[in-house]
Structures are given as structure tokens and as C-alpha cells.
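Not measured: the values here are computed from a predicted model.
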Amino acid sequence: MFLSGVKRVLLIVLIFVLIGWFRANAEELYFIDAHSQVDHNVVPLNMIISQIDQARVRQTILSARGNLKGKTLLKLSKENPGRVMPAVRTKGKPYDKGSKKYYEILKKQIATKQYHAIAEVLLYHAKKGNKAPEVIVYPDDERVQVALKYAIENSWPFVVHIEFASLHGEKRKKFMRKFKQMLDQHQKHPFILTHMGQLSSNRCLRLIKKHKNLHFHTGWTNPAAVESSNQPWTNVFEGDRLAPEWKDLFIQYPKRFIFALDNVFAEHWSDFYRTQMNYWKTGLAELPIDVSHLIAHGNAERLWGIRQSN
């Protein structure tokens with residue numbers, strides 16, 4: 001049966017309205033980078049703001065690295081309200097050595113009340129050339145527990161760095177066992193495992209099912225990052241599209257994944273930044289609108305209590 005002229009017009013109007021709605025929602029998608037870092041070689045420091053402006057990243061949770069002073073990071077945050085959320089620094093030689101200075105640095109930063117997050121805590125970090133040493137610190141170590149205490153007191157998600165694909169045998173089993181114990185001991189507190197933990201989608205799924213307080217961030221899980229490194233990072237893409245198993249997992253558990261880039265050095269805040277963002281814009285566009293919004297920014301807003309002014 002053919003539609004009457006009026007019905008045909010109404011149908012066309014409805015189609016255009018729906019197309020406009022979908023386009024509007026797609027254009028409104030913005031990002032919050034829930035975990036990045038910056039060192040003293042990123043000059044000028046304001047280049048970060050320029051990059052996030054171009055990439056539709058409204059806010060970046062940022063921690064100091066290398067010789068960048070905490071006061072410099074705080075100044076950047078004050079000059080760009082709502083764009084940079086400063087995170088308490090945990091990394092450095094004091095942490096690696098377990099010296100008293102590490103605890104003093106944490107306490108001093110917390111006392112300023114100017115930080116609104118705590119940076120990742122390294123548990124297992126493989127050696128990265130001459131830029132970063134190997135770090136082996138188990139979850140029940142005092143260094144980790146003190147940082148976790150501050151996170152809980154301030155209602156900040158606890159971000160944990162464990163490179164499981166770089167671990168083998170009994171050491172890998174021990175890290176996984178103690179990590180699960182930490183999750184179980186603090187079931188009401190949110191934990192975030194960086195880089196998908198270098199785990200497969202199936203392994204992430206098993207952890208998601210067992211631990212309701214566990215989330216994963218997407219740093220260094222796109223082709224641009226994976227291809228620039230010789231580390232066994234998890235790649236959630238096939239070509240420039242999300243791999244089917246990861247796409248299914250994102251759709252099934254959209255509240256458990258958080259967008260992050262984990263930039264560190266000057267080369268990460270240049271063309272490399274835009275290349276990574278192009279992958280994520282394309283990848284998240286494949287997902288249902290509500291799912292893409294949760295991963296791109298909604299989960300970070302919920303977990304860190306971020307409120308958008310517009």
C-alpha cells in the first residue's frame with residue numbers, strides 16, 4: 001500500500017528530524033582524559049591546552065613527571081579552570097626506593113587541598129629503555145597502602161599500574177592474587193587498572209564479573225600507541241575500527257571503561273596526540289550513543305565528581 005502525500009511528507013520530516021538528532025548527539029560527544037602526565041620538556045606548557053581544545057577534550061587529569069614542579073602544574077590548572085585537574089604525584093625515586101621522602105611528598109601535596117585526584121601508583125612497570133626503570137611493588141606494600149588510604153579519604157578513584165603481559169610465571173600469579181585481594185578488601189572503593197592491564201578482553205571480562213569496583217582505562221591501547229612501542233600493550237582496535245570482542249565488551253559493560261591517553265613526554269603532546277584522538281573519535285562513533293558518552297566522559301565525571309558548566 002502506497003503512503004498518501006501527507007503521510008509521505010510527515011515521514012520525510014521525521015527522517016530528517018532523526019538524522020538531525022543523531023548528528024547533534026554525535027557532535028556533542030566530548031572527552032575527558034582521565035589519566036595523563038607532563039614533564040619539564042613540554043614547552044610551552046600551555047601547548048597542552050591548545051591540543052585538548054582542538055581534540056574536544058574538555059578536561060585532563062594531569063600529574064607532574066620528571067623535573068616538573070608541582071607548583072607549576074597547579075599554576076597551569078589555576079590559569080585554565082575546568083581544563084586541568086591536578087593529580088597528586090606518586091612517581092619518582094622516593095617511591096622506587098621506598099624512602100621517607102615519598103611519604104613526606106604525598107603528605108605535603110594532600111595538605112595543600114589543591115589536588116583533586118591521585119596519579120597512578122606503579123606496582124609492576126617494565127623497564128622502558130632509559131626513560132623509566134623496572135618497578136616491582138606488590139599491592140600490600142606500605143607505599144601502596146598509604147597512597148590508597150589518601151585516595152579513600154578523599155573519595156578519589158585509586159589508579160593502579162600493572163603490566164600483566166610483561167609478567168610471567170609465579171610473579172604474574174602473585175601480582176594477580178594480591179591485586180584481587182586488594183579489590184576484595186575495599187569493595188566499595190573504585191579502582192582503575194591502567195592500559196587494560198595489558199590483558200585480553202576475555203581476561204578483563206572475568207575480572208569485571210568478579211569485582212564490581214574494578215574499571216579499566218584506555219591509555220596506550222590504540223594502534224598509534226602500540227606501534228610506537230616495543231611493549232606488549234593491548235590493542236582494542238583492528239585497523240581503524242574497534243575489534244569486535246572489545247566493541248562487544250564496551251557495549252556490555254559501558255560503565256567499566258574510562259577514556260585516557262596517558263601522555264607523558266613532549267612527543268606525546270604533538271601530532272601523536274591528534275593521531276590517537278582520531279582513532280578514539282572513530283572508534284567510539286561505532287558504539288551506541290549512550291555507551292560512547294559514558295566511556296568518553298561520563299564515567300570519569302561520575303567517579304571523580306566532575307561537573308560540567310555547559
Checklist entry - Do you know the tightest heavy-atom contact between Glu267 and Ser270? => result O-OG, 2.9 Å
Checklist entry - Is a side-chain donor or acceptor of Ser77 paired with a backbone partner of Val84 at a separation under 3.5 angstrom? => result yes
Return a table of donor-acceptor pairs under 3.5 angstrom between the side chains of residues 277-287 and protein atoms on other chains or two or more places apart.
from, atom 1, to, atom 2, distance (Å)
Asn278, ND2, Arg274, O, 3.3
Thr282, OG1, Asn278, O, 3.0
Glu286, OE2, Leu242, N, 3.0

Checklist entry - With distance as the sole test, does Ser36 use its side chain to make a donor-acceptor pair with the main-chain N or O of Asn263 at under 3.5 Å? => result yes
Checklist entry - Between OG of Ser201 and CE of Met196, what distance do you get to the nearest 0.5 Å? => result 10.0 Å
Next on the checklist: Regarding Lys247 and Glu238, does a basic nitrogen lie under 4.0 Å from an acidic carboxylate oxygen?
Outcome noted: no
Item to check | Separation of Ile118 CD1 from Asn154 CG (nearest 0.5 Å) | outcome: 8.5 Å
Checklist entry - Any sub-3.5 Å donor-acceptor pair from Glu301's side-chain atoms to Arg307's backbone N or O? => result no
Item to check | Non-hydrogen atoms of Asp39 and Ala266 that approach each other most closely | outcome: OD1-N, 4.5 Å
Checklist outcome for this item: The remaining residues in the hydrophobic cluster of Leu294, counting side-chain heavy-atom contacts under 4.5 Å among Ile, Leu, Val, Met, Phe, Trp and Tyr, are none
Checklist entry - Looking at CG of Leu261 and CD of Gln51, how far apart are the two atoms once the value is rounded to the nearest 0.5 Å? => result 10.5 Å
Checklist entry - Just by distance, do the side chain of Asn213 and the backbone of His189 share a donor-acceptor pair under 3.5 Å? => result yes
Checklist entry - Can you list the residues that meet the ring-ring contact (aromatic ring centres under 6.0 Å, His included) rule with His125, with sequence neighbours excluded? => result His161
Item to check | Ring centroid separation Trp246 to Tyr253 under 6.0 Å | outcome: no
Checklist entry - Parallel, tilted or perpendicular: which fits the ring planes of Phe250 and Phe257, with parallel below 30° and perpendicular above 60°? => result perpendicular
Item to check | With sequence neighbours excluded, residues passing salt bridge (Lys or Arg N to Asp or Glu O under 4.0 Å) with Glu227 | outcome: none
Next on the checklist: Are Trp220 and His268, when compared by the centres of their aromatic rings, separated by less than 6.0 Å?
Outcome noted: yes
Checklist entry - Looking at OG1 of Thr221 and CH2 of Trp233, how far apart are the two atoms once the value is rounded to the nearest 0.5 Å? => result 10.5 Å
Next on the checklist: Filter on salt bridge (charged side-chain N to carboxylate O under 4.0 Å, His left out), then keep only pairs touching residues 287-297, sequence neighbours left out; what's left?
Outcome noted: none
Next on the checklist: Looking at Lys210, I want to see if its NZ is surrounded by more than 12 non-hydrogen atoms of other residues, nucleotides or ligands under 6.0 Å.
Outcome noted: no
Item to check | Shared hydrophobic cluster, Phe265 / Ile61 (ILVMFWY, side-chain heavy atoms < 4.5 Å) | outcome: no
Next on the checklist: With a 3.5 Å distance limit and no angle check, can you tell me whether Asn80 reaches the backbone of Arg83 through a side-chain donor-acceptor pair?
Outcome noted: no
Next on the checklist: To the closest 0.5 Å, what do you measure between CG (Asp262) and OG1 (Thr218)?
Outcome noted: 9.5 Å
Checklist entry - With no hydrogens and no angle check, is any side-chain donor or acceptor of Arg56 less than 3.5 Å from a backbone partner on Phe31? => result no
Next on the checklist: When you group the ILVMFWY residues by side-chain heavy-atom contacts below 4.5 Å and let the links chain together, are Met176 and Leu193 in the same group?
Outcome noted: yes
Next on the checklist: Give me the atom names and distance for the closest heavy-atom approach of Ala147 to Phe158.
Outcome noted: C-CE1, 3.6 Å
Item to check | Within one Ile-Leu-Val-Met-Phe-Trp-Tyr cluster: Phe237 and Phe272, side-chain cutoff 4.5 Å | outcome: no
Item to check | Ring center gap for Tyr138 and Phe175 short of 6.0 angstrom | outcome: yes
With a 3.5 Å cut-off and sequence neighbours excluded, list the donor-acceptor pairs that the side chains of residues 66-73 form with protein atoms.
none

Checklist entry - When you look at Tyr150 and Val88, which way does the side chain to side chain contact (heavy atoms under 4.5 Å, CB included) test go after all the steps? => result CA-CA 10 Å; Tyr150 283 128; Val88 169; over 6 Å; no
Checklist entry - Are Gln59 and Ile306 close enough, and set up right, to give a side chain to side chain contact (heavy atoms under 4.5 Å, CB included), and what steps lead you there? => result CA-CA 9 Å; Gln59 193 165 20; Ile306 298 171; 3.1 Å; yes
Item to check | Heavy-atom donor-acceptor pair, Ser229 side chain to Val226 backbone, under 3.5 Å | outcome: no
Checklist entry - Between Tyr124 and Glu134, does a side-chain hydrogen bond (donor to acceptor under 3.5 Å, both in side chains) hold up when you go through it step by step? => result CA-CA 7 Å; Tyr124 183 76; Glu134 182 182 46; 2.7 Å; yes
Next on the checklist: Test of understanding: clusters of I, L, V, M, F, W, Y form through side-chain heavy atoms closer than 4.5 Å, transitively. Do Val135 and Leu148 belong to the same one?
Outcome noted: yes
Item to check | side chain to side chain contact (heavy atoms under 4.5 Å, CB included) between Leu122 and Val137, worked out | outcome: CA-CA 7 Å; Leu122 298 183; Val137 181; over 6 Å; no
Checklist entry - What is the distance from atom CD1 of Ile192 to atom CG of Leu214, rounded to the nearest 0.5 Å? => result 9.0 Å
Item to check | Pairing residues for Ser166 by the side-chain hydrogen bond (donor to acceptor under 3.5 Å, both in side chains) criterion, not counting sequence neighbours | outcome: Gln198
Next on the checklist: Applying side-chain hydrogen bond (donor to acceptor under 3.5 Å, both in side chains) as the test, list every pair that has at least one member in residues 87-109; sequence neighbours left out.
Outcome noted: Gln37-Lys91, Lys91-Glu120
Checklist entry - Between Ala260 and Asp33, what is the shortest heavy-atom contact and its length? => result CA-OD1, 3.3 Å
Checklist entry - According to the salt bridge (charged side-chain N to carboxylate O under 4.0 Å, His left out) rule, which pairs have a member within residues 169-192, sequence neighbours left out? => result Asp140-Lys178, Glu170-Lys173
Item to check | Geometric cation-pi criterion, Arg58 with Tyr30: 6.0 Å, 45° | outcome: yes
Checklist entry - Quick one: salt bridge (charged side-chain N to carboxylate O under 4.0 Å, His left out) pairs with a partner in residues 143-160, sequence neighbours left out? => result Asp141-Arg143, Lys149-Glu153
Checklist entry - Which residues satisfy the side-chain hydrogen bond (donor to acceptor under 3.5 Å, both in side chains) test with Glu79, sequence neighbours excluded? => result Lys75
Next on the checklist: Please find the pair of heavy atoms, one from Val42 and one from Trp269, that lie closest to each other, and give the distance.
Outcome noted: CG2-CD1, 3.8 Å
Item to check | Least distance between heavy atoms, Thr60 atom then Ile52 atom | outcome: OG1-CG2, 3.7 Å
Next on the checklist: Using only atom types and a distance under 3.5 Å, with no angle test, would you say the side chain of His215 pairs donor to acceptor with the backbone of Phe191?
Outcome noted: yes
Checklist entry - Should Val236 and Phe164 be regarded as members of a common hydrophobic cluster, given that ILVMFWY residues are connected when their side-chain heavy atoms come within less than 4.5 Å of each other, either directly or indirectly? => result yes
Item to check | side-chain hydrogen bond (donor to acceptor under 3.5 Å, both in side chains) involving Arg302 - partner list, sequence neighbours excluded | outcome: Asn299
Checklist entry - Can you check whether Gly219's main-chain N or O pairs, donor with acceptor, with His195's side chain at less than 3.5 Å? => result yes
Next on the checklist: I'd like to know if the side chain of His211 and the backbone of Arg206 have a donor-acceptor N/O pair within less than 3.5 Å.
Outcome noted: no
Next on the checklist: Pair Val57, Ile32 - check side chain to side chain contact (heavy atoms under 4.5 Å, CB included), show working.
Outcome noted: CA-CA 5 Å; Val57 176; Ile32 290 177; 5.9 Å; no
